[in-house]
Protein chains: 2
Amino acid sequence: MAQSAKKHDVFQAIADPTRRDVLKLLSKKELPISEITAHFPMTRTAIAKHLVILSEANLVSGRKVGREKRYRLHPEPLTELKEWLAYYEQFWTNKLSILKYVVENNKDTQDDDK
Amino acid sequence: MAQSAKKHDVFQAIADPTRRDVLKLLSKKELPISEITAHFPMTRTAIAKHLVILSEANLVSGRKVGREKRYRLHPEPLTELKEWLAYYEQFWTNKLSILKYVVENNKDTQDDDK
DNA sequence: ATTATATAACACTATTTGGTTTCATGTCAA
DNA sequence: TTGACATGAAACCAAATAGTGTTATATAAT
């Protein structure tokens with residue numbers, strides 16, 4: 001399957017909450033699809049499709065180990081996000097009210113379930 | 001369709017290239033829909049829908065001025081993106097090739113480690 | 001070799017998305 | 001008031017996504 005086909009970019013890849021959670025999971029360690037699936041209320045096939053999208057954005061890659069395929073995180077494409085974001089930082093680095101916003105809306109969606 | 005303010009989050013809002021371009025446009029100055037539309041190869045209605053999505057993510061707001069509605073940028077919700085991204089910076093701050101890339105493009109690498 | 005397991009490959013459906021056209025409403029200016 | 005302009009809203013359409021289930025293939029262990 002296409003690993004470099006840029007059908008999906010990093011912006012689309014992280015738009016989905018499930019995919020963000022998958023990335024978070026894989027940031028801890030390499031995992032096979034079945035183990036990833038165990039953390040979500042959906043089928044393995046659905047997770048596999050999410051992994052395809054993440055792969056197309058080059059955010060993850062899979063390597064076969066025996067009969068399972070282990071996926072691991074590739075954070076590099078996130079630099080594109082950071083680049084994009086950098087442009088807008090000029091608009092808040094001199095606005096202290098933003099800090100207030102961050103504190104009041106501290107919605108970090110990281111779940112460290114394992 | 002009930003437009004609850006959080007139907008679209010910032011991640012979904014910026015997933016579309018057109019919407020990212022709209023944000024960039026509005027970062028220069030406040031603009032009415034018709035002027036925004038002039039920059040894109042699509043109808044005013046399509047742009048209006050994108051603006052609804054951006055509004056739901058609180059990335060833009062519109063105020064009526066006479067018979068036109070001027071939209072302006074609200075960069076604050078992008079901090080959520082920055083927060084999310086900060087978690088992954090740990091994975092490339094020790095990868096010097098990436099750091100080099102970022103530095104060479106004059107992007108500051110402040111880390112909001114959690 | 002047989003069997004159990006992990007993943008791949010399809011086929012299908014429902015929903016969402018991004019876009020259109022059409023029509024209605026409201027505002028400015030002559 | 002009338003006409004031009006700007007927006008809002010609805011109905012509709014095509015394509016892409018996200019999900020399902022089933023079947024096939026490859027590998028590991030016995």
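For the numbers below, each heavy atom of this structure counts, side chains included, while hydrogens, waters and symmetry mates do not. Convention: sequence-line order gives letters A, B, ...; per-chain numbering from 1.
Atom CG in B:Leu51 sits roughly 9 Å away from atom P in D:dG8 (whole-Å rounding). Rounded to whole angstrom, the span from the OH atom of B:Tyr71 across to the P atom of D:dA6 amounts to 15 Å. To the nearest angstrom, C1' of C:dT17 lies 14 Å from CG of B:Leu54. Atom pair A:His50:NE2 and C:dT7:C1' shows a separation of 17 Å (rounding to whole Å applied). Rounded to an integer number of Å, the gap from CD of B:Glu35 to P of D:dC5 is 15 Å. Atom CD of B:Glu68 is separated from atom P of D:dG8 by 11 Å (rounded to the nearest Å). One interatomic measurement links the two molecules: CD1 of A:Ile53 to C1' of C:dT16, which rounds to 13 Å at whole-angstrom precision. In this entry the distance linking NE2 of B:His8 with P of C:dT15 reads 16 Å, nearest Å.
Every residue meeting the side chain to side chain contact (heavy atoms under 4.5 Å, CB included) condition with B:His50, not counting sequence neighbours, appears here in chain and number order: B:Asp16, B:Thr18, B:Arg19, B:Met42.
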Could you go through residues 63-71 of chain B and list every donor-acceptor pair under 3.5 Å that involves a side-chain atom there, pairing it with any protein atom two or more places apart or in another chain?
{"from": "B:Arg63", "atom 1": "NH1", "to": "B:Glu30", "atom 2": "OE1", "distance (Å)": "2.6"}
{"from": "B:Arg63", "atom 1": "NH1", "to": "B:Glu30", "atom 2": "OE2", "distance (Å)": "2.5"}
{"from": "B:Glu68", "atom 1": "OE2", "to": "B:Arg70", "atom 2": "NE", "distance (Å)": "2.7"}
{"from": "B:Glu68", "atom 1": "OE2", "to": "B:Arg70", "atom 2": "NH2", "distance (Å)": "2.9"}

At under 4.0 Å between heavy atoms, which parts of nucleotides 20-29 of chain C does protein reach? Answer with one letter per nucleotide, 5' to 3': B base, S sugar-phosphate only, - none. BB-----BB-
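For DNA chain D, the residues of residues 13-32 of chain B within the heavy-atom distance limit of 4.0 Å (strictly under) are B:Pro32, sorted by number.
Evaluation of the salt bridge (charged side-chain N to carboxylate O under 4.0 Å, His left out) test over residues 33-50 of chain A, restricted to residues two or more places apart or in two chains, returns none.
B:Leu78 is not listed as a side-chain neighbour of A:Phe91, based on a closest heavy-atom distance of 4.5 Å or more. For the pair A:Ile33 and A:Leu51, the minimum side-chain heavy-atom distance is below 4.5 Å. Side-chain contact check for B:Lys24 versus A:Tyr87: some heavy-atom pair is nearer than 4.5 Å.
Screening A:Leu59, A:Asp9, A:Ile14 for a side chain to side chain contact (heavy atoms under 4.5 Å, CB included) with A:Pro77, the sole residue that qualifies is A:Leu59.
Taken together through direct or relayed side-chain contacts under 4.5 Å among Ile, Leu, Val, Met, Phe, Trp and Tyr, B:Ile53 and B:Ile36 form parts of separate hydrophobic clusters.
Note: A:Leu26 CG to A:Ser61 OG = 9.5 Å, rounded to the nearest 0.5 Å.
For A:Arg20 (side chain) and A:Ala15 (main-chain N/O), a donor-acceptor pair under 3.5 Å exists by modelled atom type.
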Would you write out the dot-bracket form of DNA chain D, 5' to 3', with Watson-Crick and G-U pairs under 3.5 Å, [ ] for crossing pairs, | for pairs to other strands and . for unpaired bases? ||||||||||||||||||||||||||||||
